[in-house]
Protein chains: 2
Amino acid sequence: MKVTIRDVARRAGVGVATVSRVLNGSGYVKAETRERVLAAAAELGYVPSQLARGLVGGLSGTVGLVIPDITNPFFPLITRGVEDAASEAGYTVFLCNTDNDPGLEAHDVQKLRERRVDGVIFVGTTERRESVDRLLADGIPVVVMDRQLNHADVDTVLVDNLAGARAACRHLIGLGHRRIAHAAGHRSTRTGQDRCQGYREALEEAGIAFDPACVAWGDFTYESGYRVCQVLLGLTPRPTAIFAGNDLIALGAIRAAEDAGLAVPDDLSVVGFDDIQMAALVRPGLTTVRQPAREMGRMAMTMLLQRIRGEAAGPGRRHVYQPELIVRGTTRRREPHA
Amino acid sequence: MKVTIRDVARRAGVGVATVSRVLNGSGYVKAETRERVLAAAAELGYVPSQLARGLVGGLSGTVGLVIPDITNPFFPLITRGVEDAASEAGYTVFLCNTDNDPGLEAHDVQKLRERRVDGVIFVGTTERRESVDRLLADGIPVVVMDRQLNHADVDTVLVDNLAGARAACRHLIGLGHRRIAHAAGHRSTRTGQDRCQGYREALEEAGIAFDPACVAWGDFTYESGYRVCQVLLGLTPRPTAIFAGNDLIALGAIRAAEDAGLAVPDDLSVVGFDDIQMAALVRPGLTTVRQPAREMGRMAMTMLLQRIRGEAAGPGRRHVYQPELIVRGTTRRREPHA
DNA sequence: TTGTAAGCGTTATCAA
DNA sequence: TTGATAACGCTTACAA
């Protein structure tokens, strides 16, 4: 039932080495022989075993992609970008969801090591180094996305969160807002911290005093945005604008504002971050800071391939994308009251 | 650098067979020896090669998941369900996006065969049988989701589209609507056809004459929904409600209606299908027919595992879920005009 | 140019 | 209970 290289060899009347040569384009093979082998392989419907190939010491042709949750709208685009580049290179990708649970992450990484993946891309997951170190010790290259892991040996792909946050807040300030709150992401993430920092810098350069009460930490979810916005709206004086740590938070914040009887953008302007698909589809459209997610995923896979192929050596490289402010309907000029 | 079973054997002062036995829990091993082996493996940081294991004739511990596009909000949930069940069983999943392109699908399936996956799940992709037949010929079990492939040997997991569509339309009819249009999905898909059929049945049982002009085919995208709705709204008399082939179509239709100056649900009621995450987040909330996507993904993987383990033989089984109508804000009672 | 044979890391058979 | 050893399917010297 399973046809092996031996069957093809027999059928073509040659040795297995010759079959291997024509299939891999390695070594010299007479044109005629090549034809014969190809024909035999086709007739038999031969499919070489990557397991065997990988075992010989070559590559497995697979990579692992470790993310928190594919259900979070931020990850599908990145995943697609990774997959695009992988597929083009003849690679196949293992998808792993960790839910940001260290235990699950360890389990996934263990499986990936058993599968002898040629490389791994971590996105938006843990800042812990264990998993990465283990992989590196195995000689498996790693690329990290949407997280900063100051590790000497890993390549990093990310967006300039500081600049993005600044752009978002400057936009708000330019619209006349002075009382701007920040519905922040998760306090322990570098991403959350950077966006908060950008927010503070924008306020500072505009000469607006920073009010600690105006930043509320939570996590990067819709629910968190809803919750956190409720407290922010209870401030006195009430903020006229909110810069959210990401789009999900922004969406939750908008809902909270509406439930509190406030209109967006009339009573409250809101800016998000990421530009997930939903941002363009909700009404009013969400003003946000776009990350070129698919492109970033593709870049991560490209960098990983370079490491795998030994085309890139040395210390970890870092590719930083400049985000772009997308102005839609959730922000508007603040009407100076009386 | 790579530690093999031989290294562990040497370190523990036993033969490789013994190491294999303790690691797989097969055969008899003296408790003391077992300890020694386990210790050696741990000290060396030994990670067994699944490539080698698979080669011996066992399983590779991997499955393929073939979908059109992870970027389409309908697929992440299913993917997650598959991944959940796979991970629990020690399996790892290869994710493949085909964009519904037969060429890409063939390429992906070829790679999956080379990787010697133990099984494959196709969701929402092609009704062509080639890929499936090839896999089956290899002895690789297949489960199909969200598509009907009347193939004797594959298990199928799907939702009762007919019932779902009927429920959606009955809801509309119960609200007093008589002029109901259908923004259909792709004409060549069974899913699209079934939902259209359910729509017709509901009209019929209510004694409403079917008007061919009221069903407009397109595909399952937001853009298609927008486009198709524009022509539907040009009908005379104008429909007071639209049943969309899925949520993306519904969202596009709503946007088209609003752009045409119509209010949803005041001037037009809209019902979708799927209940993607976005449906609950948009304003007004989208009334739709929910598919238990994550649960369905989990079921598909479970059925696949049974086939892989030989716990299920015989003809293809079929698991049909009953969808649930979720009433939110895009539907409302039709005000009888004068 | 092409074939033989030695691995690659595991599991499984068979003696011991 | 345990240890050789023969596969598993393929690549790659090494000969021919």
Side-chain angles (χ1 to χ4, degrees), chain A residues 1-38 40-41 44-62 90 111 113-118 138-140, chain B residues 1-38 40-41 44-62 90 111 113-118 138-140:
Chain A
M1 186 173 195
K2 282 291 179 214
V3 23
T4 76
I5 196 173
R6 225 175 301 266
D7 300 314
V8 178
R10 199 169 314 144
R11 170 98 168 194
V14 301
V16 293
T18 301
V19 176
S20 179
R21 285 192 202 96
V22 341
L23 262 30
N24 296 296
S26 59
Y28 297 93
V29 179
K30 202 199 301 178
E32 190 215 336
T33 310
R34 144 176 261 93
E35 293 312 317
R36 204 135 39 84
V37 170
L38 255 20
L44 263 32
Y46 172 64
V47 178
S49 165
Q50 188 62 242
L51 297 184
R53 295 230 250 234
L55 190 55
V56 180
L59 278 13
S60 68
T62 63
K111 286 303 177 191
R113 296 205 297 159
E114 289 179 3
R115 267 78 177 154
R116 296 297 190 259
V117 293
D118 297 337
D138 282 357
I140 299 176
Chain B
M1 186 172 193
K2 282 291 179 212
V3 21
T4 76
I5 196 173
R6 226 174 300 265
D7 300 315
V8 178
R10 198 169 314 145
R11 171 97 165 197
V14 301
V16 294
T18 301
V19 176
S20 180
R21 285 192 203 94
V22 342
L23 261 31
N24 296 295
S26 59
Y28 297 94
V29 179
K30 202 199 300 178
E32 191 216 334
T33 311
R34 141 177 264 94
E35 294 311 318
R36 205 137 36 84
V37 171
L38 256 19
L44 263 32
Y46 171 64
V47 178
S49 166
Q50 189 62 243
L51 297 185
R53 284 182 165 168
L55 188 58
V56 179
L59 277 16
S60 68
T62 63
K111 286 302 178 192
R113 296 206 297 159
E114 289 179 1
R115 267 74 173 159
R116 296 298 190 258
V117 292
D118 297 337
D138 282 357
I140 300 176

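Lettering of chains follows the sequences in order, A, B, ..., and the numbering in each one begins at 1. What you see is a predicted model, and the numbers here were worked out from it, not measured in a lab.
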Show me the protein contacts with nucleotides 7-10 of chain D, counting only N or O atoms at under 3.5 Å.
{"residue": "D:dC8", "atom": "O2", "partner": "B:V56", "partner atom": "N", "Å": "3.4"}
{"residue": "D:dC10", "atom": "OP1", "partner": "A:Y46", "partner atom": "OH", "Å": "2.2"}
{"residue": "D:dC10", "atom": "OP1", "partner": "A:S49", "partner atom": "N", "Å": "3.3"}
{"residue": "D:dC10", "atom": "OP2", "partner": "A:I5", "partner atom": "N", "Å": "2.4"}

Restricting both atoms to N or O, compile the protein contacts to nucleotides 13-16 of chain C shorter than 3.5 Å, with distance only.
none

*asked:* Could you measure the distance from the CG atom of B:L44 to the CD1 atom of B:I5? Nearest 0.5 Å is fine.
replied: 12.0 Å

*asked:* Could you check whether any side-chain heavy atom of A:R116 comes within less than 4.5 Å of a side-chain heavy atom of B:V47, counting everything from C-beta outward?
replied: yes

*How many angstroms lie between CZ in B:R115 and CG in B:L51, if you round to the nearest 0.5 Å?*
10.5 Å

*asked:* Side-chain N or O of B:T18 versus OP1/OP2 of D:dT2: is the shortest distance under 4.0 Å?
replied: no

*Nearest-0.5 Å distance that lies between atom CD in B:Q50 and atom CG in B:L59*: 8.5 Å

*asked:* Quick test of your reading: applying salt bridge (Lys or Arg N to Asp or Glu O under 4.0 Å), list the pairs with at least one residue in residues 10-19 of chain A, sequence neighbours left out, ordered by first then second residue.
replied: A:D7-A:R10, A:R11-A:E43

_Interatomic distance where OH belongs to B:Y28 and P belongs to D:dG3 [whole Å]_ = 17 Å

*Divergence of helical axes at both termini of the helix from C:dT1-D:dA16 to C:dA16-D:dT1 - five pairs an end, 10° steps*: 40°

*For A:R36, which residues count as a side-chain hydrogen bond (donor to acceptor under 3.5 Å, both in side chains) partner, sequence neighbours excluded?*
none

_Please report the distance, rounded to the nearest Å, between CD in A:E32 and C1' in C:dT1._
12 Å

*Residues in side-chain hydrogen bond (donor to acceptor under 3.5 Å, both in side chains) with B:S49, at least two apart?*
none

*asked:* Expressed as a whole number of angstroms, how long is the span from B:R34:CZ to D:dG3:P?
replied: 14 Å

*asked:* What I'd like to find out is whether the side chain of B:T33 reaches to under 4.5 Å of the side chain of B:V22, using heavy atoms alone.
replied: no

